[in-house]
Amino acid sequence: MFPIDLKSDTVTRPSKAMRLAMAEAEVGDDVYCEDPTVNRLQEKAAAMTGKDAALFLPSGTMGNLVAVLTHCGRGEGAILGINSHIYHYEGGGLAALGGVFPLTADDSSGLIPPSEVERNCRPVNVHFAPAKLLCVENTHNKCGGLALSPAQMKETTDTARNNGLSVHIDGARIFNAATAWKCDVREYTALVDSIQFCLSKGLGAPIGSMLCGSGEFIDRARHWRKKVGGGLRQSGIIAAAGLYALENNIGRLADDHGNAAMLASMLSAGGLEVEKNPMPTNMVYFHVPEKAGHDLHERCAARGVLFNGAAGGRIRLVTHIDVSREQAARAAEIILEEVSAS
Amino acid sequence: MMQVPARDAVEEASAFLVAETLSRGAAGADVVCSFGQGSSLSLRDGVPEKNTSGTSFGIGLRTLDREGRQGVAHVNSLERHHLEELVVWSLNNCSSSEPDPHARLAPQARDILPDLELFDEAVLGVTPEYRMSVCREMWEIARDADPRVVSVRSASWGEGSGEYHYRSSEGVSGCYSGTSAGCGVSVILSDGGVMEMGGYGDDSRFLSGLDPRKAAAEAVRRTAMVLGGTYLPTGRYDLVLDGEAAASLVDVLGELFLASNIHKNKSFLMGKLGEKVASPALSLVDDGLLLRGMGSSPFDGEGVPCSRTPLLSNGVVSAWLYNLKYALLDGVASTGNASRSISGTPDVDCSNLSLLPGQWTPEDLLLQVGSGIYVTEFLGLHTINPVSGEFSLGIKGASISGGALGGAVSGMTIAGNLKDILNTIDLVGNDFHFYGSTGACSLVMRDVAAAGS
């Protein structure tokens, strides 16, 4: 039962079957494009997203960085949600390494509205950094793990394209979004030029992300991956985990969503303020009174329930492949007990 | 066995009755005619106890005068001299009744009657041998399911078919037929000198909709769950109601939405239309047009097309159920919920009443409650006061501890007010099932006062 680790869906450990797939992986030197397992993973990711090609990268941050650097040149602008992961949590890499200028947009609803895209597509003028790229995030981490439907995204992505922009999805958890909306991931990727999705979050692999796009785009992205130090050698060992994840762990994401819904339901029934969003996935955000919040994570950790400390009274719980329904229920009970004891 | 009266003969008779009644001065008239036939078998500890076959036929005539007096009479024959007597009786009853200015006949409906899949040819093909084999199998399954089964008090099967006609002087006429089949098992379990009797039954329009093996196993499972039940300490508990217990509660709730009860001040929901009276988790719908529904029909007892009526939408009262009289009183259209026998004037009733399912499995509900009482049966539901909402009910079931079922519970009572309880139901299961014409799923009631030891 314990520990019940709800810090993130990045904390998952590879299952025995996944480790076996890794141990038995056929490998080669991927910098020479000679790793057969990596090649199979890339082919599968491309097929699943309906794109021509895909590239295996060590992390989602590198996947987004390589995508932005491939789409934009120095001094060009990328429209980013002010709450987006790329803007907040990826070290400012696009500016530091690519000289790409972030054009921030309101994404407080989880989606950058078309008007915000228009606002950032300013006329050609020596004073303005020209917008070249729109980045959207789905599911949206800071907006409670909100899943957007393809239909909800379409007006925004159409607006970007009508203004000559390329569109990239930070789809670290795009399979969660597709699961929530019961749609095919290709309905999302048909709207955009590139997508990055993570193998190491809800899908349960220990490492790795995929960047998918046109053949020409991926060729250039491969060059950028090398430049930022992401070229790996016998990476089939970790690609095998990714392949296993894509083949076995997508169908069960609905369980994670159900577990998160149960956590939310129990915390809410226990009197805590749980954030609601129109299409939740595997995240629960809730608020606790300050007196209960500052060390709540430490007291719960002492009882085997792990999550990050509150930020402004706001606490995030994330369900994943290593949290069962019973564990989710027990975690909620312990959190409620600790809140009421404070 | 009696033959089904020819449809032509019934239509000819009903046309005669309407015409004859009008020619004798009635302002309006309508005719309902029903025919039913069925057979059943019940075994007691594997031995046939009841083996019956029967038919029923009746034709009822309602006459109305210009002041709204209504007279009803019925006979069980299509012979012309009986029909002539029927006209006289109905007119006599009409003249001696009190005027009702809101008595109405439905205007002619133009809708084509929908096919609600109410008739299954396979039901007509059931043989005595089939009945016996099903009953024997249910008896054997129940007998062997648990060593504590000391008697399979009944293993029963029944099936039947029927036809219903309606005609009025307003030109409304229609006919539909349907079948039904049902099976059930009741058992007695004993353990350490303690005995418990219980059972389970199911019914369906279609033969394929029944699972007698499951019914037998369920009868034993449910009875075993409450065998040797004891009190828990008096206190406040979260309750998880299983689907059947929830259905019995939904039945009670349905009565509160009948316009007849609203007008008679027999419902605490009177005056609450559009208001929030329950938790957002609760939504109720009455659907007379449900395919294969046990309470479905293309038109109601007044010839009005049946409909789907949301009654409670996320805790807010959204409609009442109407027949023509109460619809006229409220200035709305009838919802097609007139109930009617061949010997009575129309009233209002539910058709297929459903609690809309939520997202949780029954196991999820247990986990979320953590500790409480799992209720499989209410005792004394008829004692709920529909005006005040007050209740005191016996419950049977099991304790819930650590999110799992524990020991049997019985002899406890819960008390409170339905008005409050409706707002404490915050979780609804996804295990939707019809119990007769009532559809329900497991649900959670919070913080209910329960008296025990």
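Lettering of chains follows the sequences in order, A, B, ..., and the numbering in each one begins at 1. Predicted model only: the values in this text are computed from it and were never measured.
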Distance-minimising heavy-atom pair for L367(B) and R325(A)
CD1-CG, 3.5 Å
Are more than 12 heavy atoms, taken from residues, nucleotides or ligands other than R252(A), located less than 6.0 Å from that residue's CZ atom?
yes
Do the side chains of M262(A) and Q368(B) get nearer than 4.5 Å, heavy atoms only?
yes
Given a strict heavy-atom distance threshold of 4.5 Å, which part of Q359(B) is in contact with chain A: side chain, backbone, both, or neither?
side chain
Over 12 non-hydrogen atoms of neighbours within 6.0 angstrom of CZ in F2(A):
yes
Around atom CD of E117(B), are there more than 12 heavy atoms of other residues, nucleotides or ligands at under 6.0 Å?
yes
Atom NZ of residue position K154(A) - does it have more than 12 heavy atoms of other residues, nucleotides or ligands inside 6.0 Å?
no
Where on A328(A) is there a heavy atom nearer than 4.5 Å to chain B: the side chain, the backbone, both, or neither?
neither
Closest non-hydrogen atom pair between G370(B) and E333(A), with its separation
CA-OE2, 3.8 Å
Could you check L427(B), V444(B), D426(B) and say which one makes a side chain to side chain contact (heavy atoms under 4.5 Å, CB included) with S265(A)?
L427(B)
Heavy atoms of other groups near K276(B) NZ, more than 12 under 6.0 Å
yes
